[in-house]
Amino acid sequence: MKAARIGLYAFLLGAALFFSIPLLIVVMTSLKPMTEIRTGSIFALPLAPNFDAWVKAWMSACTGLACEGIRVGFWNSFRILVPSVALSVMAGALNGYALAQWKPPGANALLTALMLGAFIPYQVILYPMVKILSNIGLYNSLPGIIAVHIIFGLPVMTLIFRNFYAGLPDELLKAARVDGAGFWRIFFEIMLPLSINILIVAVILQVTGIWNDYLLGLIFAGRDNAPMTVQLNLIVNTSMGEQEHNVNMAATLLTALPPLLVYFASGRYFVRGITAGAVKG
Amino acid sequence: MSAVQVRGLRKSYGPLDVLRNIDLEVREGEFTVLLGPSGCGKSTLLSAIAGLDPVNAGRIEIGGVDVTDLDPSARGIAMVFQSYALYPTMTVRNNMTFGLRVKRLPKAEIDKRLTWAADMLQLTALLDRKPAQLSGGQRQRVAIGRALVQQSRVFLFDEPLSNLDAKLRAEMRVEIKRLHRELAPTVVYVTHDQIEAMTLATRIAVMRGGQIEQYATPDELYERPQTLFVAGFVGSPAMNFLPVVLRRNGGAVAAELGPVTIPLDAYAFATPPADGTQAIFGIRPEHAALSGAGVQVATETLFMEPMGADTLGWFQLGTEKLSARLAPQTARGISGPQRLALDIANASIFARDTEQRL
Amino acid sequence: MRISGLAARLVLSPTVLVTVVCFYGCAVWTAYISFTKSSFIPNYTFNGLAQYERLFATPRWGVAYTNMFIFGVLLVVGALAVGLLLAIMIDRNVRGEGFFRTVMLYPLSMSFIVTGLAWQWVLSPSIGVQHFVRDLGFPNFTFDWIAQQDRAIYTLVFAGVWHQAGLIMAIMLAGLRGVDRDIWRATKVEGIPTWRVYLGIVLPMLRPLVVTCVVLLSVAVVKSYDLVVAMTGGGPGFASDLPGKFVVDFSFERANIGQASAAAVVMLGSVFAALAPYFYVELRKRGQ
């Protein structure tokens, strides 16, 4: 029994190491100068940790010809993130409420269509979507990429909120209707205050999802609005001459940091969001 | 004048008819209970009166106004729900005043009504709590309070006591009865609990399969049930049903139960039945006694079921079992052959095919 | 009723429009294009299965499509095994459960781009594991799969398992926690060894969850794009290419919309094939 217990912890610690090593390596390397990286081991602790590489990554790392650092991508991601998250969560909440509480005719058909739609790979839709957005003048623009994030977020957001509102007793809506409240009043005064937890879950899911997106940003945002992930890949995978590993890893960390912070700040909600988003109803 | 008038109401979900041609009239100040087993359509009928579910056909009037096509809030009703449906994020105060605020009543009027209703239901100390901080009975009172402040002509209750435990239910029953006596509103109240129905109602509509079987006062319903279903559904312990064949001999009618013959001279038939009519002879346990007047039948004692105030004695009558409500003292030590006296005047006889009272 | 019901429909109408146009409309358009003569630009002349014949005759597609199965099978089996094992271990009342869960789940919050880059460095012959072991005094140690034509695809599996195992662990742990405690008590009373309980009783109870996980992972495999872009760029050559990357490259860089559409339709078919177990389970549930 005792030996089994020790084996159990040994296995778990080994697993913990497997999961943490990539992050540790990236953190340690980002704190070293290049000379130390060339001569030393990747697992060695930095001799004199400093943030020079971080500063360079932020201020002056090169993406192709421009050398303005990854901060450009950071602010692009930020400008994409805020309206996309706000609008897609609001749309999901309203859709879920309308579907689950008011049950209009065809609600189930729409729900099934959305669920199946969520499984269609982006690659199937990308090209025609580019055509549509070009035709209405939104291709390669900030509103364009925001619209795309809202559209692709619709299925999961709608499903999460529908499942939540379907779990509320029907009588709540009935009581409010007898009290004379209408669609919007019931939503804002009764349903929304009830939805704080599920709103947090949805916001976290969208914040991490949209921040981490690469493909949509690459195709729809255009060069001027390229999000941080796109810029990061440009910095690391297309740079000329000798690779500055410490700068690359610092840039990687800077890109990973916002969702990591969200994760560490909100563990429980994050897991709920990930499983809800994954299992999709 | 009738407060609620329902005419020819029909409602179906696909092929399933939930309400078939319902007519119901509730007079001003009357307490009408819709009683029936689950699935009989009573809650659907209430929802239809409230305007929460559209109906397929028929007409609903409240206070003489046709409200069939009106929104729930425009019908002048207030409603109390089974799960109470309190708004979880609002305080008791805001729960009770939400509807008034939606209707943009003046603040002074809202406060006046709130104070009055809170006082009436002893909710004053709870006004700033959230529903989650209340006990089941308190939530129930808030739900009633939320209806009271509307000062509506008509109150609708959808199984309001079914989520409470037995003791609390008895207390709230008294509370609702008190409110009805003091405020005299028109009430339509849905329940499947016949005790609730008997104690609260001025009239009860017993429903089955989307139809009203009988609509009458509690006494009438109990003493002269119009259908076999009503007779069986109302009353506890249940009425005895014995399959009999009716025999006419001149003006006298008798019921034949195998070798046993029960003369029915004391029974008031609506129309004299034909000879050989297949019928069900129903008699409540309190109308079968060990002594006294009535038709005497020979039985064999089976067993006793003590129920506290009474004991239910079971006896073999021919091929059938018959129960009699006995005083516990008399029931003790009874065994072997017994003669039971049946009070035929209070019996109920139904045709076996139509299940209607004869 | 009338006005409010109208509001609900009004609110839903943009979603209906988006669903019909952006999801289904676009998918149908792509499917149609895959049966036409399109090359640089869409051409609406019907051309039968020619695009598909050409697609499957293209070596790069052959590699990408085969890779999808290699990557898929290994990732599904790997992530499921690791995730399930971790869930069972954590469920054995270990101390520091919060710590272990946190460490195992954080990869999920990272993008595939970041994941791919981090693993690119870990596996890089010049700075990663190979470099480290050689420095320890094994100068002949070789671990350069990421640079090998026939091995690069396997390195994607490491990164994929690393990223996804936490999700499987979380789903499975929730399932394990949902097992009735009386079942455990009953097996204790009967003296059944713990491993037999997991194998014979608990795992069969979790079967619906396992199906869910397999479907989730399979769909993720078909859709995967960012990971391969960041980690290997599809290389060396196109040895670690995947259909997702093939379609994007052919849609935009190589501008062959006919081939891209045919490949995209094959992807769509693969997703629905991956969903089949789920539909099978659902149908059986309804049948019963």
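What you see is a predicted model, and the numbers here were worked out from it, not measured in a lab. In the text below, chain A, chain B and the rest are named by the order of the sequence lines, each starting its count at 1.
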At what distance, to the nearest 0.5 angstrom, does CD1 of A:I151 lie from CE of A:M129?
4.0 Å
Of all of [options], which one pairs up most often with chain A through heavy atoms under 4.5 Å apart?
{"options": "C:V21, C:L85, C:V215", "value": "C:L85"}
{"options": "C:V229, C:V265, C:V222", "value": "C:V229"}
{"options": "C:S111, C:A220, C:P243", "value": "C:S111"}
{"options": "C:P42, C:S124, C:G116", "value": "C:P42"}

Side-chain contact test, heavy atoms from C-beta onward, threshold under 4.5 Å: evaluate it for A:P258 versus A:V207 and give yes or no.
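When only atoms from C-beta onward are counted, A:V207 and A:P258 do not touch, as no gap falls below 4.5 Å.
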Would you mind reporting whether A:V236 and C:I113 have side-chain heavy atoms less than 4.5 Å apart?
no
Using side chain to side chain donor-acceptor pair (under 3.5 Å) as the criterion, list what pairs up with C:W29, not counting sequence neighbours.
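Partners of C:W29 by the side chain to side chain donor-acceptor pair (under 3.5 Å) criterion, ordered by chain and then number, come out as C:Y44.
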Ring of C:F138, cation from C:R134 - is the NZ or CZ under 6.0 Å from the centre and inside 45° of the axis?
no
Which residues, numbered in order, of residues 97-106 of chain C come under 4.5 angstrom of chain A by heavy-atom distance?
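Expected list: C:F99, C:F100, C:R101, C:T102, C:V103, C:M104, C:L105, C:Y106.
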Would you call the rings of A:F183 and A:Y97 parallel, tilted or perpendicular, where under 30° means parallel and over 60° means perpendicular?
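If you compare the ring of A:F183 with that of A:Y97, the planes turn out tilted.
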Show, in sequence, the C-alpha distance, side-chain angles and deciding distance for C:F112 and A:Y214, and conclude whether the ring pair (Phe, Tyr, Trp, His ring centres under 6.0 Å) test is met.
CA-CA 8 Å; C:F112 277 114; A:Y214 172 80; over 10 Å; no
